[in-house]
There are 2 protein chains.
Amino acid sequence: MKRPRRGRPGKVELDFDIVVDAALQMADDDGLEGLSMRKLADDLGAGVMSLYYYIEDKEALVDAIVDRVAAEVEPAPAEADWKESTRHLAMATHQALLRHPWAIPLWSSSRPGPHRVTLMEQILAALASADLDADVVDLGFHAVVNHVQGFARQRVGFQTARSTDEARLRPGGFDVDLDEFPHVVAHIDYHRSGHGRHDEFAFVLDLILAGLERLPGS
Amino acid sequence: MKRPRRGRPGKVELDFDIVVDAALQMADDDGLEGLSMRKLADDLGAGVMSLYYYIEDKEALVDAIVDRVAAEVEPAPAEADWKESTRHLAMATHQALLRHPWAIPLWSSSRPGPHRVTLMEQILAALASADLDADVVDLGFHAVVNHVQGFARQRVGFQTARSTDEARLRPGGFDVDLDEFPHVVAHIDYHRSGHGRHDEFAFVLDLILAGLERLPGS
DNA sequence: ACCTGAACACCGTTCAAGT
DNA sequence: ACCTGAACACCGTTCAAGT
């Protein structure tokens, strides 16, 4: 089960992007807890400590790969109005997060890099271009961001528990008897069985955007 | 910097609750990454491996302390209507999360224990008792849950970066020049400077609840 | 039934050094 | 300027054993 090496120990071509690329690949393959400095160096055929010439520490590396995910979000087309732009950015972010599920819990907790700041700027700019009160812009920003993150989280959560039986038996490491929780069971079943709307993410997103217009200024 | 011990090595009183209590305390004191099996055993004056008699592994222990946080959320008073109940549960959850910030990223990613399932049941039951379509109940549930988690996350995020200057200089480990991001700067300033509404959490929550009533059924 | 130490297979990072 | 190995200070957990 040895990993393939890119070169012989002794001299290896390395730079920031090569390190971050390999780290992103490793997180995609093995999840966040599968990413270690030592395995990463091994993958690259370098000594562990060589990595530290290009990055401060592991945390900075993780910040960097999260920012790579943010970089995958394309800007909205120039001719889009505020609602279309916001919608585009939210959907593209949602898709990027589903491509890199390990990034979901990090999306708001790790500190933002340049691409994530750019993404924030684009969303805020789109909302600001609407005829909305400053309070409503702020509120809308958080509503959209929370929706994106919350929905992605929920989605990968349900991927984990495949069958209803599995969910019934151990919703945690605990033995929770779901018979006592009829609404929870109904909720799980609702989500499991196609539940009417095929794209609930977009549906709720549109509700949020429509809601913003109807809001009293201040 | 030795930790105080509760007994002499050789014989210690231990049970599931004692272990979980100590783990919760340690997470509150030192954060999640400050919680280690070895330090925990030390705290309790026990050998590390003694802990494994009561818990499966560290992950199960973390699930348990997260569930303890859920246990702190009081049920809504019986006479409350659906909106008051939902509001109560959301606010109480928000406060519990602020008391245990380490639990915020775990709130939706770790698997729910009995108390968190109970909390879900209560929220779902409250929404179901309203005269809302099943789709709207589902949508409202996620809107409320996302709001609680997203807002808590945002709140502790801002606690980290104290001054505007600090945020300007390094929003990440990156050197992002915020001058290029005027809307982001405005957004940060808006949040920093009292921003009109004193309790934005409750304000947005009420908007969500009011919005649910106005929604078309299906 | 309950608790244990030794050992294993890992981590991230400091440091002083090599080219 | 770039890369390194040895060492340090940690981890969580398996195992075989003790009472």
Side-chain angles (χ1 to χ4, degrees), chain A residues 1-3 5-24 26-27 29-66 102 106 109-111 172-173, chain B residues 1-3 5-24 26-27 29-66 102 106 109-111 172-173:
Chain A
M1 278 298 168
K2 280 274 182 72
R3 294 175 167 272
R5 316 218 161 187
R6 290 243 272 247
R8 287 293 93 223
K11 199 103 283 180
V12 195
E13 185 84 3
L14 238 47
D15 68 32
F16 181 79
D17 283 326
I18 289 175
V19 172
V20 176
D21 282 346
L24 177 61
M26 190 174 275
D29 290 343
D30 307 331
L32 197 66
E33 72 298 312
L35 170 64
S36 89
M37 300 302 283
R38 294 175 114 109
K39 281 196 319 200
L40 187 58
D42 247 40
D43 258 19
L44 294 167
V48 207
M49 282 313 145
S50 308
L51 306 178
Y52 287 80
Y53 187 77
Y54 300 100
I55 54 152
E56 187 105 322
D57 53 20
K58 195 189 181 183
E59 209 182 321
L61 179 61
V62 171
D63 286 348
I65 60 174
V66 172
W102 51 265
L106 299 174
S109 62
S110 73
R111 325 232 64 196
Chain B
M1 277 301 169
K2 278 275 183 72
R3 294 176 168 271
R5 316 216 162 189
R6 291 243 273 248
R8 285 295 91 222
K11 198 102 283 180
V12 195
E13 185 84 4
L14 238 46
D15 68 32
F16 181 78
D17 283 326
I18 289 174
V19 172
V20 177
D21 282 346
L24 178 60
M26 190 174 277
D29 290 343
D30 307 331
L32 196 65
E33 72 297 311
L35 171 63
S36 90
M37 300 301 283
R38 294 175 115 108
K39 282 196 317 198
L40 186 57
D42 247 40
D43 258 18
L44 293 166
V48 205
M49 284 311 147
S50 308
L51 306 178
Y52 286 80
Y53 187 77
Y54 300 100
I55 53 152
E56 188 105 320
D57 53 19
K58 195 189 180 181
E59 209 182 321
L61 179 60
V62 171
D63 286 349
I65 60 173
V66 172
W102 50 266
L106 300 173
S109 61
S110 73
R111 323 233 64 196

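For clarity, every value in this text was computed on a predicted model and none was experimentally measured. Chain letters run A, B, ... following the sequence lines, proteins first and then strands; every chain starts at 1.
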Just how far, in rounded Å, is [atom2] of [N] from [atom1] of [X]?
{"X": "B/D42", "N": "D/dA9", "atom1": "CG", "atom2": "P", "value": "16 Å"}
{"X": "A/D15", "N": "D/dC2", "atom1": "CG", "atom2": "C1'", "value": "12 Å"}
{"X": "B/L51", "N": "C/dA1", "atom1": "CG", "atom2": "P", "value": "19 Å"}
{"X": "A/Y52", "N": "C/dA17", "atom1": "OH", "atom2": "C1'", "value": "18 Å"}
{"X": "A/K58", "N": "D/dC11", "atom1": "NZ", "atom2": "C1'", "value": "12 Å"}
{"X": "B/E33", "N": "C/dT13", "atom1": "CD", "atom2": "C1'", "value": "16 Å"}
{"X": "B/M37", "N": "C/dT4", "atom1": "CE", "atom2": "P", "value": "13 Å"}
{"X": "B/I55", "N": "D/dG12", "atom1": "CD1", "atom2": "C1'", "value": "10 Å"}

If you measure from the C1' atom in D/dC10 to the same atom in C/dA9, how many Å do you get, rounded?
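Here D/dC10 and C/dA9 have their C1' atoms 13 Å from each other.
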Could you tell me whether the side chain of A/K39 and the main chain of A/G34 form a donor-acceptor pair under 3.5 Å?
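It does hold such a pair.
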B/L106: which residues meet the side chain to side chain contact (heavy atoms under 4.5 Å, CB included) condition with it, sequence neighbours left out?
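Side chain to side chain contact (heavy atoms under 4.5 Å, CB included) list for B/L106, sorted by chain: B/L32, B/V62, B/V66, B/W102, B/S109, B/S110.
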Students often get this wrong, so: under 4.0 angstrom with heavy atoms, is A/M49 touching a base, only sugar-phosphate, or nothing?
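Contact class for A/M49: base.
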Need one value for B/S50: base, sugar-phosphate or nothing, where a base atom within 4.0 Å counts as base even if backbone is also close, heavy atoms only.
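Touches a base.
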DNA chain C in dot-bracket form (Watson-Crick or G-U pairs under 3.5 Å, [ ] crossing, | inter-strand) is ||.|||||...|||||.||
Using a cut-off of strictly less than 4.0 Å, decide whether A/Y53 has a side-chain nitrogen or oxygen near OP1 or OP2 of D/dA1.
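Looking at the OP1 and OP2 atoms of D/dA1, neither is under 4.0 Å from any side-chain N or O of A/Y53.
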With a 4.5 Å heavy-atom cut-off, do A/L61 and A/L51 have their side chains touching?
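Not touching, per the 4.5 Å side-chain cut-off.
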Quick one, B/K58 and B/L40 - any side-chain contact, counting heavy atoms below 4.5 Å?
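Sidechains of B/L40 and B/K58: no contact.
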Can you sort out the partners of B/D29 under side chain to side chain donor-acceptor pair (under 3.5 Å), two or more places apart, ordered by chain and number?
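Side chain to side chain donor-acceptor pair (under 3.5 Å) list for B/D29, sorted by chain: B/Q25.
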Please identify each residue that fulfils salt bridge (charged side-chain N to carboxylate O under 4.0 Å, His left out) with A/D17, with sequence neighbours left out.
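With neighbours one apart ignored, the set is A/R68.
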